[in-house]
Participant: 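Pasting a structure here, questions to come.
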Number of protein chains: 2
Amino acid sequence: MCTGPRPRNAAATRTAILDAARERFAADSYDDVGMRDIARDVGVDAALISRYFGSKDELFLAALDSCGDGSQLMQGDKADFGRRVSHEIVYEPKKAEKLKAMSIMLRSVGSARAAEMVQNTCAARFFGPLEEWIGGENAVVRARLLAGFLMGMSVSRELGGGQFSLTPDEAEEMRQRLEVILQNLIEG
Amino acid sequence: MCTGPRPRNAAATRTAILDAARERFAADSYDDVGMRDIARDVGVDAALISRYFGSKDELFLAALDSCGDGSQLMQGDKADFGRRVSHEIVYEPKKAEKLKAMSIMLRSVGSARAAEMVQNTCAARFFGPLEEWIGGENAVVRARLLAGFLMGMSVSRELGGGQFSLTPDEAEEMRQRLEVILQNLIEG
DNA sequence: TGGCTTTGTCAACGCCTGTTGACAAGCGTT
DNA sequence: AACGCTTGTCAACAGGCGTTGACAAAGCCA
């Protein structure tokens, strides 16, 4: 806030736009995110975005690209994966949302144009590394199931009203079940 | 095609609109479905839809309502659930899509307005019956996990390019793993 | 200082959207 | 036949969208 007049710095502005776009596209669907919204976040005219990134499509792709490869998910001990991730999903959804790439993918399901763009990036950027990290027999299948499961939990939470709306006991029960399933998928 | 002039039948036209809307909303996101698209499907002017259903929002809700309660999922033997559903998911995705309600929900994740509308209907129409059918201890949690898992698989397939793009062996491996997970959730 | 490129703003364009009110045609009733 | 209600079409509106080209101002170089 109160940043004063934006200093003339193309590089900084560019990344500021990219950051804002990433955040917006992770929070709303492709169609619901307007160029003017992003521009307002940055404190810039919408026209500038078009000039820097060419088009909304290209901005979207750039934002998706800038998310990294989801390596946050793969940090830490494999033996602890189930416990760690299940805890984040159930008790710290905000933290789990740090996987911006997954959020963006999720928001794009359904929107024909966005889904098409995601498909290309998705395999190389997300499924690939995950599959490699999991390793072992049938890594392809297990990675696919894992990714699907994680996204499904996001969908379920979202449609449940932003919360799982469970009692503490139920939440813990859910976490334990999640832990088992996830860990089984990791260990083969 | 070539249906000639539409006979003057309000009731029939109304349900025709509802059918077309259900199909459209199950195939594309709320934003991507236009009133004129639905109207064209039915062979009617878009204005008529507004007059019959009031607004796009109300049409969407009516379409969602008309999907039933997902009871197709719960038909058949419980002991066979895992095998049956895993088979549909992996080998007959088109058939699995018959769960229009789930498709619509899925397409709506992300679109702020649609998601809000879905949230209210969702719990009563889908999670509720599923939870009741599953029964037993912690039915709430197990139903939630099950629904999340099913939707996640849809997302995963969609983002994988409309296919799982696996070898036959991998597909079967996936089906078997799915079967185990699903059946475990059903049986408690 | 004067010119030139970069960085950003502004107004406007064409397009598409959901919705509205006026109008045409069908059909039953009196 | 003449009325009136229903069913449907048509043209238009206001608002939002992404994008464009002309213009202002800042900084750099000679």
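Per chain, numbering begins at 1; letters A, B, ... match sequence-line order. What's counted below: heavy atoms across the whole structure, side chains too, no hydrogens, waters or symmetry copies.
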Participant: Quick one: which of D/dT9, D/dT19, C/dT19 gets closest to the side chain of B/S55?
Facilitator: C/dT19
Participant: Could you state the CZ-P distance from A/R40 to C/dT9, rounded to the nearest angstrom?
Facilitator: 14 Å
Participant: Name the residue closer to the 5' end of DNA chain D, choosing between A/D37 and A/A47 according to the nucleotide with the nearest heavy atom.
Facilitator: A/D37
Participant: Quickly work out the B/M35 CE to D/dG15 P distance and round it to whole Å.
Facilitator: 19 Å
Participant: With a non-hydrogen cut-off below 4.0 angstrom, is B/Y52 in contact with a base, only sugar-phosphate, or nothing?
Facilitator: sugar-phosphate
Participant: Could you work out which one of D/dT19, D/dC10, C/dG8 sits closest to the side chain of B/D45?
Facilitator: D/dC10
Participant: On the six-membered ring of B/Y30, is B/K56 placed so that its NZ or CZ lies under 6.0 angstrom from the centre and within 45° of the ring axis?
Facilitator: yes
Participant: Would you say A/S50 reaches D/dT20's phosphate, i.e. side-chain N/O to OP1/OP2 under 4.0 Å?
Facilitator: no
Participant: Is any N or O donor-acceptor pair between the side chain of B/R8 and the base of D/dT6 shorter than 3.5 Å?
Facilitator: yes
Participant: Please determine if A/E158 and A/R107 form a salt bridge, counting it only when a charged side-chain N lies under 4.0 Å from a carboxylate O.
Facilitator: yes
Participant: Taking atom P of C/dT17 as reference, at what distance in whole Å does atom CG of A/D32 sit?
Facilitator: 15 Å
Participant: Between C1' on C/dT20 and NZ on B/K56, what's the gap in Å once rounded to a whole number?
Facilitator: 17 Å
Participant: Measure CZ/A/F53 against P/D/dG18 and give the value in whole Å, please.
Facilitator: 15 Å
Participant: Could you tell me whether A/E88 and A/R84 make a salt bridge, using a distance below 4.0 angstrom between a side-chain N and a carboxylate O?
Facilitator: no
Participant: State which of D/dT7, C/dT19, C/dC10 makes the closest approach to the side chain of B/R51.
Facilitator: D/dT7
Participant: Within this structure, what is the CD1-to-C1' distance between B/I49 and D/dG8, rounded to whole angstrom?
Facilitator: 12 Å
Participant: Under a 4.0 Å threshold between the charged nitrogen and the carboxylate oxygen, would B/E179 count as salt-bridged to B/R175?
Facilitator: yes
Participant: For the pair made of CG in B/L48 and C1' in D/dC10, what is the distance, rounded to whole Å?
Facilitator: 13 Å
Participant: Starting at atom CG of A/D31, determine the distance to atom P of C/dC16, rounded to an integer number of angstrom.
Facilitator: 15 Å
Participant: Taking the six-membered ring of A/F60 as reference, does the cationic atom of A/R113 (NZ for Lys, CZ for Arg) lie under 6.0 Å from its centre and within 45° of its axis?
Facilitator: no
Participant: Can a donor-acceptor pair under 3.5 Å be found between the side-chain atoms of A/R36 and the base atoms of D/dG16?
Facilitator: no
